[in-house]
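For reference, the structure is listed below as structure tokens.
Every value quoted in this text rests on a predicted model; they were computed, and no experiment measured them.
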Amino acid sequence: MQPNVAVAQGEIDANVFQHSLYLESINKREGINLIGAVQVPTPPMGLYSKKHKSLDEISDGAQVNLPNEPVNMLRALTILKEVGWITLKDNIDPLQTSLNDVTSNPHNIKFVPTEPAQGPQALQDVDFAAIQGNFAIANNIKLTTALKLENMTDPFTNIVAVDSKNKDKQFVKDIIEGYHSQEFKDYIKSNSDYEGYRLPAYFND
């Protein structure tokens with residue numbers, strides 16, 4: 001069962017795997033009403049390569065893998081914009097993003113959209129791949145090896161999702177308290193496995 005539907009149907013109390021824009025898209029698609037209870041440390045999307053050591057090695061016609069989901073495609077395209085490879089339209093709707101939003105592509109990049117989970121496998125075959133952090137971690141790709149990590153903003157920081165009707169229940173308060181605890185923050189900051197993660201603002205409290 002889709003994990004957000006499972007929360008909405010009461011099969012599970014909460015899940016943690018997604019950012020708020022993705023949750024918003026699922027709420028609309030499934031007609032459910034989940035909310036983010038608390039942000040969690042999140043591995044950012046990164047631009048990786050097995051064939052090149054530097055972003056300067058971009059060549060005419062280079063192949064770049066990126067997620068085929070609109071929201072995560074926008075994240076990937078934004079990285080490519082930040083490194084100066086492409087330009088994009090203004091005010092792109094994250095839920096409607098497509099390659100048509102690219103306004104200039106001077107390197108004639110050949111975009112290779114695939115299911116997000118396929119990014120690590122595609123990395124072997126393309127020049128560069130924009131890989132979501134969770135899939136990089138799951139495939140033993142260290143975030144710190146990325147040629148560029150995204151400048152992650154709040155809408156793309158992962159959240160604990162709960163049904164909106166449960167937002168004031170004690171178990172939700174307990175989840176929030178656990179993430180905000182000094183013990184949890186100390187563990188994340190002292191563990192090298194979390195190098196490169198984007199930490200929520202409460203880590204600065």
Side-chain angles (χ1 to χ4, degrees), residues 17-26 28-29 39-159 193-199:
F17 74 94
Q18 66 198 319
H19 51 69
S20 58
L21 282 176
Y22 180 79
L23 176 60
E24 178 185 334
S25 70
I26 298 298
K28 288 181 179 179
R29 191 180 79 190
Q39 291 185 335
V40 303
T42 305
M45 182 180 286
L47 191 60
Y48 297 87
S49 180
K50 292 278 191 183
K51 299 180 179 180
H52 306 286
K53 301 292 188 185
S54 165
L55 297 174
D56 295 334
E57 295 179 24
I58 182 71
S59 59
D60 191 70
Q63 289 189 318
V64 177
N65 175 262
L66 72 174
N68 62 3
E69 297 172 345
V71 170
N72 292 312
M73 178 179 285
L74 178 57
R75 297 169 69 189
L77 291 175
T78 299
I79 294 175
L80 302 187
K81 176 185 175 182
E82 289 175 351
V83 300
W85 290 358
I86 62 171
T87 59
L88 297 172
K89 294 177 182 176
D90 295 328
N91 303 314
I92 297 171
D93 179 352
L95 302 182
Q96 302 294 329
T97 306
S98 76
L99 293 176
N100 292 328
D101 292 314
V102 177
T103 52
S104 71
N105 179 12
H107 297 290
N108 296 307
I109 290 169
K110 308 300 183 190
F111 298 105
V112 184
T114 61
E115 290 290 326
Q118 297 304 310
Q121 286 70 46
L123 184 59
Q124 311 294 330
D125 303 317
V126 297
D127 292 286
F128 300 91
I131 301 173
Q132 288 171 232
N134 57 318
F135 295 122
I137 296 296
N139 286 272
N140 297 312
I141 300 172
K142 285 190 68 68
L143 300 179
T144 50
T145 66
L147 298 176
K148 170 71 174 175
L149 288 174
E150 72 179 316
N151 294 312
M152 181 175 279
T153 55
D154 276 354
F156 299 115
T157 302
N158 284 351
I159 52 175
D193 288 344
Y194 295 98
E195 288 180 6
Y197 274 58
R198 199 256 190 179
L199 303 181

Could you tell me if the side chain of [Y] sits less than 4.5 Å from the side chain of [X], heavy atoms only?
{"X": "Q63", "Y": "D125", "result": "no"}
{"X": "V83", "Y": "F128", "result": "no"}
{"X": "V102", "Y": "L88", "result": "yes"}
{"X": "L23", "Y": "F17", "result": "no"}

Minimum-distance pair of heavy atoms, taken over all atoms of [X] and [Y]:
{"X": "R198", "Y": "P44", "result": "N-CD, 4.1 Å"}
{"X": "L199", "Y": "P41", "result": "CD2-CB, 3.9 Å"}
{"X": "L77", "Y": "S98", "result": "CD1-O, 4.1 Å"}
{"X": "Q132", "Y": "P116", "result": "OE1-CB, 2.9 Å"}
{"X": "V71", "Y": "F156", "result": "CG1-CE2, 3.6 Å"}
{"X": "S25", "Y": "L95", "result": "CB-CD2, 3.6 Å"}

Side chain to side chain contact (heavy atoms under 4.5 Å, CB included) partner of P67, the single match among M45, R75, E115: M45
Criterion side-chain contact (heavy atoms from CB on, under 4.5 Å) on Q121 and N139, from CA distance to verdict: CA-CA 9 Å; Q121 286 70 46; N139 286 272; 3.3 Å; yes
Nearest-0.5 Å distance, [atom1] of residue [X] to [atom2] of residue [Y]:
{"X": "E24", "Y": "R29", "atom1": "CD", "atom2": "CZ", "result": "13.5 Å"}
{"X": "L47", "Y": "L147", "atom1": "CG", "atom2": "CG", "result": "6.0 Å"}
{"X": "I92", "Y": "T97", "atom1": "CD1", "atom2": "OG1", "result": "6.0 Å"}
{"X": "Q96", "Y": "L74", "atom1": "CD", "atom2": "CG", "result": "12.0 Å"}
{"X": "L66", "Y": "I131", "atom1": "CG", "atom2": "CD1", "result": "11.5 Å"}
{"X": "L21", "Y": "E69", "atom1": "CG", "atom2": "CD", "result": "12.0 Å"}

Neighbour count >12 (heavy atoms, 6.0 Å) for atom NZ, K50: no
Evaluation steps, side-chain contact (heavy atoms from CB on, under 4.5 Å), between K110 and D127: CA-CA 10 Å; K110 308 300 183 190; D127 292 286; over 6 Å; no
Residue pair E150, T78: steps toward the side-chain contact (heavy atoms from CB on, under 4.5 Å) verdict: CA-CA 8 Å; E150 72 179 316; T78 299; over 6 Å; no
Any donor-acceptor pair under 3.5 Å from T87 side chain to S104 backbone: yes
side-chain hydrogen bond (donor to acceptor under 3.5 Å, both in side chains) assessment of T42 paired with T157: CA-CA 6 Å; T42 305; T157 302; 5.0 Å; no
Derivation and outcome, side-chain contact (heavy atoms from CB on, under 4.5 Å), residues I137 and L143: CA-CA 7 Å; I137 296 296; L143 300 179; 3.9 Å; yes
